[in-house]
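The block underneath contains the structure these notes are about, expressed in structure tokens.
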Amino acid sequence: MEAIRFRDLGPVGDGASCVEHRRNAPVNRPPSAAPAGTKPEDPADGAPVRFDPDRVPAVDVLRGFALLGVCMVNAPVIAGAWNLGSQPGAAFADRLAAWLVTALFTSKFYLLFAFLFGYSFTLQMHAADRDRAPFKRRVGRRLLGLFLFGLAHAVLLYPGDILMTYAVLGLVLFAARGLRTHTALRIAALLVLFLTVVFLAVGVLALTVDDPGRGATTASTARVTAAYRGDPLSVVLTNVRLYRAALGSAVLYSGHLLAAFLVGFAAGRHRLLERHGVPARRARAVIRRLLVAGLLIGVPGSVFTAMCAYGPLDSRLYYFGQAAGILTAPALATAYGCALLILQQKRVGQWLRLFLGSAGRMSLSNYLTQSLVLAFVFTGYGLGWYGRVGPAVLVFGCLVLYVLQLAVCAWLMTRFRYGPAELLLRRVTSGRRGIRPARRNVPGT
């Protein structure tokens, strides 16, 4: 992500004024209904295209795609399956599933979401300017609403919540919004390098410390398992305790998130994703180069991380694997994003916008729904299957849940403009009320 050469995409300014009005941004309306002077995104296939000034389709598609990775990474924690793939005697399918999730998903998709958060920050700046609303007040309300969503999410459903971290780092991004693009990118690179060095140092230290044994860890796991299989109050108290225990780790990893925020903000200034909606030849070349570079750097690093965590390398190298992941995960996240941008220009692009784009438009609602469903299945809120399902079955369940979400969102977004969580957050941000029905795809309307 840090390797983007923004100068290849043309000169633009550094402030909020650089975000041009997107009155002709594509949404799902037939080509015959497109405003004058605009083109459908896929003129070759004649697919229905909408035009909505408030959406950037590429951002929604990427968000919808990132939901899959977030579900894959969060589910093992909520289900108590995070360590089942590494235990002696674990089934090969479980070991393989845990290995693949670590290699392909862990640390990649929260970075993609963080990049989009930074990118969307520029869109919010534009919206405030368009509405002649004080941006400081609007962003403050939005971040407060996001923090409250995260607080409820962490206490009730998932102690690994990231929304509160987003809200706090959003204040940092607001304070840094005047940075020049190259300065923001340099800071992002330094943050990633610093975190890599920290984990390398921890890895060296871990090699010199004797293994304390499995007894304490086994006893702690048993207590957590019993608590999550207990009543709802037991679940809430355990969530609070685990969140407090993981707070130091959240602070440490916040540097990774802030780096992605800054890169996304820089990309938003240069309208990278809007430009790709009708891509110039130069922009397409940059995207392809980033895809190749991201795969060449990201895949080996991710494989090394998984080998340190689940074999065949010695588990004492775990922190070295984490350091490699921190350094190379941005590259693989970039490759994922670039692949989606390229696919959106193919004939399959209309389906990506229909399903992934619809899910991305209500990504906050989907994120919370994933945790709600998983908490019902695996904790005392419902079935209480905590620790009883291995990684292989869990991966399959996540795929089923994700596909169902895509189908439901595609249906909902033909009837409503916002998901329930998005509507509530929008009310907190701007005070707007009600759900406006989406315009139907009727030619000539």
Side-chain angles (χ1 to χ4, degrees), residues 1 62 64-113 158 160 162 199 253 256 291-292 294-340 343 356 359 366-367 370-371 373-374 377-378 385-406:
M1 294 170 70
L62 290 171
F65 173 66
L67 285 167
L68 173 61
V70 168
C71 187
M72 288 289 188
V73 174
N74 290 355
V77 180
I78 300 177
W82 58 273
N83 63 341
L84 296 183
S86 59
Q87 291 182 348
F92 174 76
D94 287 335
R95 287 184 175 274
L96 178 62
W99 198 95
L100 290 175
V101 168
T102 299
L104 300 179
F105 296 96
T106 301
S107 298
K108 287 80 178 176
F109 286 84
Y110 80 74
L111 287 178
L112 186 55
F113 256 126
Y158 175 51
I162 204 169
F199 271 86
Y253 276 99
H256 220 204
L291 171 61
V292 173
L295 291 174
L296 291 176
I297 298 171
V299 171
S302 297
V303 168
F304 179 73
T305 301
M307 291 172 68
C308 292
Y310 293 99
L313 296 181
D314 194 318
S315 61
R316 292 178 298 176
L317 299 176
Y318 173 81
Y319 289 105
F320 292 98
Q322 294 302 298
I326 288 167
L327 187 61
T328 62
L332 191 53
T334 299
Y336 288 160
C338 290
L340 262 291
L343 287 175
L356 295 184
N366 282 316
Y367 171 67
Q370 288 174 354
S371 296
V373 171
L374 292 168
V377 173
F378 295 105
W385 288 0
Y386 188 90
R388 292 172 175 162
V389 174
V393 174
L394 192 59
V395 165
F396 177 77
C398 288
L399 290 173
V400 172
L401 175 59
Y402 179 68
V403 169
L404 289 175
Q405 284 188 306
L406 294 184

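Remember, it's a predicted structure, so these values are computed and weren't measured experimentally.
Taking each heavy atom of A306 and T102 in turn, the nearest pair found is CA-CG2, 3.8 Å. Closest non-hydrogen pair, L68 versus Y402, comes out as N-CE1, 3.5 Å. Residues K108 and A103 share a closest heavy-atom pair of NZ-O, 3.0 Å. Contact record, C398 with M72: CB-SD, 3.8 Å, taken as the closest heavy-atom pair. The minimum heavy-atom distance between A359 and L406, with the atom names listed, is CB-CD2, 3.6 Å. For the residue pair S107 and A329, the shortest heavy atom distance occurs at O-CB, 3.7 Å.
Checked against a 6.0 Å centroid threshold, the rings of F105 and Y336 do not count as neighbours.
Remark: side-chain polar atoms of T305 are paired, donor with acceptor, to backbone N or O of G325 under 3.5 angstrom.
Partners of R316 under the side-chain hydrogen bond (donor to acceptor under 3.5 Å, both in side chains) rule, at least two apart in sequence or in another chain, are D314. Residues satisfying the side-chain hydrogen bond (donor to acceptor under 3.5 Å, both in side chains) criterion with Q405, sequence neighbours excluded, are N366, Q370. For N74, the side-chain hydrogen bond (donor to acceptor under 3.5 Å, both in side chains) partners at least two apart in sequence or on another chain are Y158. Listed by chain and number, the residues in a side-chain hydrogen bond (donor to acceptor under 3.5 Å, both in side chains) with S371 are H153 (sequence neighbours excluded).
Few gaps surround OH on Y253; more than 12 heavy atoms of other groups in view lie less than 6.0 Å from it. Within a 6.0 Å radius of CZ in F320, other residues, nucleotides and ligands contribute more than 12 heavy atoms.
A side-chain hydrogen bond (donor to acceptor under 3.5 Å, both in side chains) check over residues 322-333, counting only residues at least two apart or in different chains, returns nothing. Sorted by first then second residue, the salt bridge (charged side-chain N to carboxylate O under 4.0 Å, His left out) pairs that include residues 76-94, not counting sequence neighbours, number zero.
Note that CD1 of I297 and CG of L327 are 8.5 Å apart. Values are rounded to the nearest 0.5 Å. The structure places CG of L112 at 7.5 Å from CZ of F65, a figure rounded to the nearest 0.5 Å. Put simply, CG on L399 and CG on L394 are 10.0 Å apart, with the number rounded to the nearest 0.5 Å. Of the inter-residue distances, the one linking F109 atom CZ with C71 atom SG reads 11.5 Å to the nearest 0.5 angstrom. Separating the CG atom in L62 from the SG atom in C338 is a distance of 9.0 Å, to the nearest 0.5 Å. Between M307 atom CE and W99 atom CH2 the span is 7.0 Å, to the nearest 0.5 Å.
Put simply, the side chain of L67 reaches to within 4.5 Å of the side chain of F113, judged on heavy atoms. Side-chain contact between I162 and V70 is absent, with no heavy-atom pair separated by less than 4.5 Å.
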